[in-house]
Amino acid sequence: MAAALKTIIYPVKDLERAKALFSALLEVEPYADEPYYVGFKSAGQDVGLDPNGHARGMTGPVPYWHVDDIRARLATLVAAGAEVLQDVQDVGGGKLIAFVKDADGNLVGLTQDPAA
């Protein structure tokens, strides 16, 4: 499968204020509402709020590309010159994420859904 852009994560400092803003923008309530992550689904797009994002090096919103083999794709990005900011991590239920920084300082996220 080719990579597909379906998720964007925003680092936020005030989770409650950000949750109110995105609830108003997307006109939906969050599907996930935890102290460490709030997630919304709207029109096939997943929008997440990460109150720990700044501490992990997120300088702005990070697009996450959905891939079949996150470790292989991460290795390919590193070979192409990317710097790993967050190695592959299971964020619950088998969902894997990672993100890198390219030579221009842009952040690129990867995510792999759990095996069915």
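Computed from heavy atoms alone, side chains included, the values below leave out hydrogens, waters and symmetry copies.
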Practice item. Write down the atom of Leu107, the atom of Gly57, and the distance for their closest heavy-atom approach. Key: CD1-O, 3.7 Å
Study note, to complete from the structure: In short, Val67 meets Ile70 closest at the heavy-atom pair CG2-CA, 3.7 Å
Exercise for review: Say whether Tyr10 and Leu15 are linked into one hydrophobic cluster, either directly or through other cluster members, by side-chain heavy-atom distances under 4.5 angstrom.
Suggested key: yes
Point to revise | Heavy-atom side-chain proximity of Thr111 to Val91 below 4.5 angstrom | key: no
Check your understanding: Would a 4.5 Å heavy-atom cut-off, applied to side chains only, mark Arg71 and Leu96 as touching?
Key -> yes
**Study point:** Close side-chain approach of Leu110 to Leu77, heavy-atom, < 4.5 Å
**Key:** yes
Practice item. Quick one: do Leu85 and Arg56 satisfy side-chain contact (heavy atoms from CB on, under 4.5 Å)? Show the steps, please. Key: CA-CA 7 Å; Leu85 293 182; Arg56 293 193 338 241; over 6 Å; no
Check your understanding: Just how far is it from atom CD of Gln86 to atom NZ of Lys101, taken to the nearest 0.5 Å?
Key -> 14.5 Å
Review point. Under a single-linkage definition using a 4.5 Å side-chain heavy-atom cutoff for Ile, Leu, Val, Met, Phe, Trp and Tyr, are Leu5 and Ile9 assigned to the same hydrophobic cluster?
Key: no
Check your understanding: Should the pair Tyr64 and Phe99 be assigned to parallel (<30°), tilted (30 to 60°) or perpendicular (>60°) ring geometry?
Key -> perpendicular
Check your understanding: Does a salt bridge link Lys95 with Asp90, judged by any charged N lying under 4.0 Å from a carboxylate O?
Key -> no
Point to revise | Side-chain touch Val28/Lys41, heavy atoms, less than 4.5 angstrom | key: no
Check your understanding: Can you get from Ile8 to Leu25 by hopping between Ile, Leu, Val, Met, Phe, Trp and Tyr side chains that sit under 4.5 Å apart?
Key -> yes
Check your understanding: How long is the span from the CG atom in Leu74 to the CD1 atom in Ile97, to the nearest 0.5 Å?
Key -> 12.0 Å
Review point. Looking at Phe40 and Tyr31, what are the two nearest heavy atoms and their distance?
Key: N-CE2, 3.4 Å
Review point. Which pair of non-hydrogen atoms, one from Glu34 and one from Val38, has the smallest distance, and what is that distance?
Key: O-CG2, 3.9 Å
Check your understanding: Taking all atoms of both residues into account, what is the closest heavy-atom pair of Gln45 and Lys6, and its distance?
Key -> NE2-O, 3.1 Å
Check your understanding: For Gly60 and Pro11, which heavy atoms make the closest approach, and how far apart are they?
Key -> O-CD, 3.3 Å
**Study point:** Single-linkage hydrophobic cluster Met58~Tyr36, side-chain heavy atoms < 4.5 angstrom
**Key:** yes
Review point. Are the side chain of Asp104 and the backbone N or O of Asn106 linked by a donor-acceptor pair below 3.5 Å?
Key: no
Exercise for review: Kindly indicate whether the side chain of Asn52, heavy atoms from C-beta on, has any atom under 4.5 Å from the side chain of Tyr37.
Suggested key: no
Review point. Quick one: does Pro30's side chain get under 4.5 Å of Ser23's, heavy atoms only?
Key: yes
